[in-house]
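Contents: one structure, followed by commentary.
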Amino acid sequence: MDTVSSEPVVAAAPVETIVPPAAEQQPTSSASSDFDIVATYRHLLASDPHLTKPVAAIESLITLLNSTPSTTVFETLDTVKAQSDRLKASVANPVPLSAGTDLFLQYLVSSLRSQDINSFDSIRQHLLANGRLFAARANAARDGIADAGWRFIREGQCILTHGASRSVTGILERAVQNVGAAKFKVIYVRQEPRAEESDRVVRELREKGIPVAEIPESSVAYVMGLLRQVNMVIVGAEAVTSNGGIISRIGTLQIAQLASEANVPFYVAVETHKFARKFVMDQRDIGFQQDILDFSVDAKSKQPANAVDFTPPELIAKLITENGIKMPGYVFEQLLDIYGSLNG
């Protein structure tokens, strides 16, 4: 079922021009020090629940370009780099943001090389206009994922998932349109620390006419192995590493391991703008601190709010992207094509 595509990662080389509405609405600041990229990023995420973290980072940088009166190419690049570092330092897990900021910086460099550097004003307008197109294309990736992913689902099948990936729900909704309501079933793995989120996802799926069975994390092995009730697993990801593994909601790794043990295919629905120049071998290589173990004799253990784990590529059957169905090795090829090297 694997397809071959020569398409680059989404929005790597914009060829159209549109007016950036977000940039138009932002007031001009006197200096980059007056621009709060962290507040801008948080506002974007809060105001648009469909925005991914990499795209929110990209749109924050577009707003930065409009708000900061840079006068030279080098000043622009230095400002973007410095603000990107500041943004990544503000979050516990910087990998998804790195995927977005690195991609946008590479786009800037490519755009600047193709322009007449004696006319910086026109370059600036070009960057602002096409930067917005860059983000728009990344946002549209989920439609392509839904179109590619629903074809895995057949009448009578049962799909297991967890988390709140909008790419996964998009696939399931597209399957309803093409396979039919109530023609397949979903097993949703609840996470009680995120009870409200679990309730919302289940409610949205049932409203589409999909029969959903909710199970706790402790029941996954029983349902997948003993009952043989699962035909496939489809999950999302916060980021995809250069070797084709995924950084995702904690608990994803154990689901992938159980799926492998039960010979159940494990698919990852993910936008290509989440491809990150980071090579990870196991949990110790993620690159940021997570206090999962909080030993105590007199108080309840504290747990990190947004913990993640790493699922290696050998546990992943296919990646479902807007460019089609891909093997995990596709990530390395695409990153090499965009950046020329994988040295971040």
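Across Ala175 and Ile153, no two heavy atoms sit closer than the pair CB-CD1, 3.7 Å. In terms of heavy-atom proximity, Lys53 sits nearest to Pro96 at CB-CB, 4.1 Å. Annotation for Leu61 and Ile37: closest pair CD2-CD1, 3.5 Å, computed over non-hydrogen atoms. Ile171 approaches Ala269 most closely through the heavy-atom pair CD1-CB, 3.7 Å.
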Note to self: Checking Asn323 against Tyr330 for the side chain to side chain donor-acceptor pair (under 3.5 Å) test, could you report, in this order, the C-alpha distance in whole Å, the side-chain angles of both residues, the deciding distance, and whether it holds?
What the structure shows: CA-CA 11 Å; Asn323 292 340; Tyr330 172 74; 2.9 Å; yes
Note to self: As a quick check of understanding, evaluate side chain to side chain donor-acceptor pair (under 3.5 Å) for Asn263 and Arg228, giving each step before the final call.
What the structure shows: CA-CA 10 Å; Asn263 292 316; Arg228 301 289 178 181; over 6 Å; no
Next item on the list: Apply the test side chain to side chain contact (heavy atoms under 4.5 Å, CB included) to residues Val270 and Ile246: give CA-CA distance (whole Å), side-chain angles for both, the deciding distance (0.1 Å), then the verdict.
Entry: CA-CA 9 Å; Val270 64; Ile246 62 169; 5.9 Å; no
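Phe279 and Leu336 sit in two unconnected hydrophobic clusters of ILVMFWY residues. Membership requires side-chain heavy atoms under 4.5 Å apart, directly or through other members. No continuous path of ILVMFWY side-chain contacts below 4.5 Å connects Val95 to Tyr339, so the two sit in separate hydrophobic clusters. Linking Ile, Leu, Val, Met, Phe, Trp and Tyr whenever their side-chain heavy atoms come within less than 4.5 Å leaves Phe332 and Leu315 in two separate clusters. Hydrophobic clustering, with ILVMFWY side chains joined whenever heavy atoms are under 4.5 angstrom apart, keeps Leu319 apart from Val308.
For residues 180-231, the set of pairs meeting the ring pair (Phe, Tyr, Trp, His ring centres under 6.0 Å) definition, not counting sequence neighbours, is empty.
Scored by the side chain to side chain contact (heavy atoms under 4.5 Å, CB included) test, Ser47 finds His43 as partners (sequence neighbours excluded).
A salt bridge does not link Asp78 to Lys81: none of the charged nitrogens lies less than 4.0 Å from a carboxylate oxygen.
Judged purely by atom type and a 3.5 angstrom limit, Gln191 uses its side chain to pair as donor or acceptor with the backbone of Ile250. Side chain of Asn243 to backbone of Val280: a donor-acceptor contact under 3.5 angstrom is found. Between the Ser248 side chain and the Gly236 main chain, a donor and an acceptor come within less than 3.5 Å of each other. With hydrogens and angles disregarded, no donor-acceptor distance shorter than 3.5 Å links the side chain of Arg200 to the backbone of Ala164.
Counting only heavy atoms from C-beta outward, the side chains of Gln157 and Val179 never approach each other to under 4.5 Å.
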